[in-house]
Amino acid sequence: MTTPFFPPPGPATFALVDANNFYVSCERVFAPRLRDRPVVVLSNNDGCCVARSEEAKALGITMGQPFFAVRALLEQHQGVALSSNYTLYADMSRRLMTLIGQYSPEQEIYSIDESFLRFSGCDHWDLTQRGRELRARVLQGLGLPVGVGLGATKTLAKLANRLAKQHPDFRGEGVCNLQELTPAQQAGYFAGLAVEAVWGIGRQWSARLQQQGLATVAHLMRADVPTIQRQFSVVLAKTVMELNGISCLPLEEAPPPRQQIIASRSFGQVVTTFDLLSEAVASHTARAAVKLRKEGLQAGLIQVFIATNPFKPEAPQYHPGATVPLSIPTADTTRLLRAARVGLRHIYREGYEYKKAGVILLDLAPVGAVTGDLFAPPQRATSARQAQLLAVMDDINRRWGRGTVRYLAEGLAQPWQMRRGRMTPRYTTCWDELPQAGG
DNA sequence: TCTGGGGTCCTAGGACCC
DNA sequence: TCTGGGGTCCTAGGACCC
């Protein structure tokens, strides 16, 4: 048994470490031709730009911009657009998080490319220097550039990370430690930061805050907390306190139990018939069920939704959803497929051009933790044979790739599948796709 | 022609119960 | 004639994040 780690009481410093342009940086590690030129990584269906190299940002390409709108510009500057290669990014992320975790026993993995660390009882350490070391280590070990922000709360660490990446005073080192600045120095930087630079403040709230004359971080910091809570919400009130160094958001070292599992996709082409929609819904359901079993969970409820294309407002719009309770909580794909089909029958209408479909699994609980309903008529639980079959299918698909064995309900030709024409190899997880050196 | 996917939390309002 | 109030649960919608 390992000795549990008890953080010493008292004030702590939080660090936020995140990779610069993570998806693009992952691609560049294995393809030197991508260096020093504009590169974007596209969302599913090759739809939007979700990651941009510095050169692409300099061309004015924004986050989430549709690819078709920037395609010509990119070509004009010898730029490259890639489909997203999540297998590669997930594997690089795993390695990145392992390395970062070596710098503190208290780590929260916040997203695919971001991690918080907490340093408590480390007053004698030069954390800025530790940050520099971490950065050099990740660059050497993985080839990924990261930024490090340090502050008294998670929100301040995020803000420091922003300064580390963008402000000329810190950009060179890629590390910003707010803890070693005087209040006057901090105030100077905060007066130069727009309020939407703060973690948790998006477009809507930023517009409302500006109307009230709270345009910069320095303004927001001095706002009256009860007023903010009344006019916005308790979430924003906590943000204001965090900006003042009062820690309200704890480090979440273990991920909180999951509330839902979503599987959805836009179609590569428009779908109108029930049968094709049903194939797509079945395929999403099977994918969600695999995730469910992988995490040892059961679902009590499945939601099905379909939608027309919101970017074609001249066409008739329709985006219904249906909720179908499972008679007993299950992780059995067969049962989920049946329930999803019932839901789809309820909401399908002819005469619409559908662009997207998906399912959401809800009421999740660990297998074995579900209490039976004493008064409900007895239900046949998933048999041992069925459970074995599912386990074998999952195993085959894990080993030989997703979709090697699948349900006929998912269709064979699958004309609705997403476009994905610009994929790079899965360099680190697939023997057939290892990077090659030389000729 | 062409516009992502997967999450969380909070709030308001209605149904229902006692 | 006169028609409460508080609690809980659920859902939809809106905000945010990466």
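Naming: A, B, ... by sequence-line order, numbering from 1 per chain.
DNA chain B forms stems at B:5-18 with C:5-18, each a run of 3 or more consecutive Watson-Crick or G-U wobble pairs whose two key distances fall under 3.5 Å.
Pairs engaging residues 62-74 of chain A under the salt bridge (charged side-chain N to carboxylate O under 4.0 Å, His left out) rule: A:Arg71-A:Glu75 [sequence neighbours left out]. Annotation: side chain to side chain donor-acceptor pair (under 3.5 Å) contacts involving residues 43-53 of chain A, sequence neighbours excluded, comprise A:Asp46-A:Ser83, A:Ser53-A:Glu55. Sorted by first then second residue, the ring-ring contact (aromatic ring centres under 6.0 Å, His included) pairs that include residues 48-80 of chain A, not counting sequence neighbours, number zero.
In this structure, A:Met418 atom CE and B:dG4 atom P are separated by 13 Å, rounded to whole Å. One atom, CE of A:Met97, and another, C1' of C:dC18, lie 11 Å apart when rounded to the nearest Å. B:dG4 atom C1' lies 10 Å from atom CG of A:Leu42, rounded to whole Å. Rounded to whole angstrom, the span from the CG atom of A:Asp113 across to the C1' atom of B:dG6 amounts to 15 Å. Atom pair A:Arg52:CZ and C:dC18:P shows a separation of 13 Å (rounding to whole Å applied). Note: CG (A:Asn21) to C1' (C:dC18) measures 14 Å, nearest angstrom.
Contacts of A:Thr13 classified as side chain to side chain donor-acceptor pair (under 3.5 Å), with partners at least two apart in sequence or in another chain: A:Gln179. Contacts of A:Tyr189 classified as ring-ring contact (aromatic ring centres under 6.0 Å, His included), with partners at least two apart in sequence or in another chain: A:His167, A:Phe170. With sequence neighbours excluded, the residues that form a ring-ring contact (aromatic ring centres under 6.0 Å, His included) with A:Tyr110 are A:Phe116, A:Trp199.
Taking every heavy atom of residues 190-208 of chain A and every atom of DNA chain B, no pair lies under 4.0 Å. Using a 4.0 Å cutoff on non-hydrogen atoms, no part of residues 77-95 of chain A comes near DNA chain B.
A salt bridge links A:Asp18 and A:Lys165; the closest N-O separation between the charged side-chain nitrogens and carboxylate oxygens is under 4.0 Å.
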What nitrogen or oxygen pairs link the protein and nucleotides 1-3 of chain B at under 3.5 Å?
| unit_1 | atom_1 | unit_2 | atom_2 | d |
| --- | --- | --- | --- | --- |
| B:dT3 | OP1 | A:Lys355 | NZ | 3.0 |

Dump every N/O contact between nucleotides 8-12 of chain B and the protein below 3.5 Å, one line per pair.
| unit_1 | atom_1 | unit_2 | atom_2 | d |
| --- | --- | --- | --- | --- |
| B:dT8 | OP1 | A:Gln259 | N | 3.1 |

Enumerate the protein-to-nucleotides 13-17 of chain B contacts in which both atoms are nitrogen or oxygen and the separation is below 3.5 Å.
none

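The backbone N or O of A:Ala413 sits nowhere less than 3.5 Å from a side-chain atom of A:Glu279 that would complete a donor-acceptor pair. Judged by distance alone, with hydrogens and angles left aside, the side-chain atoms of A:Arg265 form no donor-acceptor pair with the main-chain N or O of A:His284 at under 3.5 Å. At distances below 3.5 Å, not a single donor-acceptor pair connects side-chain atoms of A:Glu114 with backbone N or O atoms of A:Ser111.
When heavy atoms are screened at a 4.0 angstrom cut-off, A:Ala263 is found touching the sugar-phosphate backbone but no base atom. Within 4.0 Å (heavy atoms only), A:Ile112 reaches no atom of the nucleic acid at all.
Note that A:Arg208 lies in the cation-pi zone of A:Phe232, set by a 6.0 Å cut-off to the ring centre and a 45° limit from the axis.
Within the 4.5 Å cutoff, side-chain heavy atoms of A:Asp332 are placed close to those of A:Leu390. The shortest side-chain heavy-atom distance between A:Ser93 and A:Phe22 falls under the 4.5 Å cut-off. At least one side-chain heavy atom of A:Thr285 sits under 4.5 Å from a side-chain heavy atom of A:Ile302.
Contact annotation: A:Lys356 reaches the phosphate of B:dG5 (side-chain N/O to OP1 or OP2, under 4.0 Å).
The number of heavy atoms from other shown groups lying within 6.0 Å of NZ (A:Lys238) does not exceed 12. Within a 6.0 Å radius of CZ in A:Arg402, other residues, nucleotides and ligands contribute 12 heavy atoms or fewer. Remark: A:Asp224 CG is packed, more than 12 non-hydrogen atoms of other residues, nucleotides or ligands lying under 6.0 Å away.
With respect to A:Tyr89, the ring pair (Phe, Tyr, Trp, His ring centres under 6.0 Å) criterion is satisfied by exactly one of A:Phe30, A:Tyr23, A:Tyr427: A:Tyr23.
Distance check: A:Arg94 CZ to A:Thr98 OG1 gives 6.5 Å after rounding to the nearest 0.5 Å.
One C1' atom belongs to B:dC16, the other to C:dG4, and the distance between them is 15 Å to the nearest Å.
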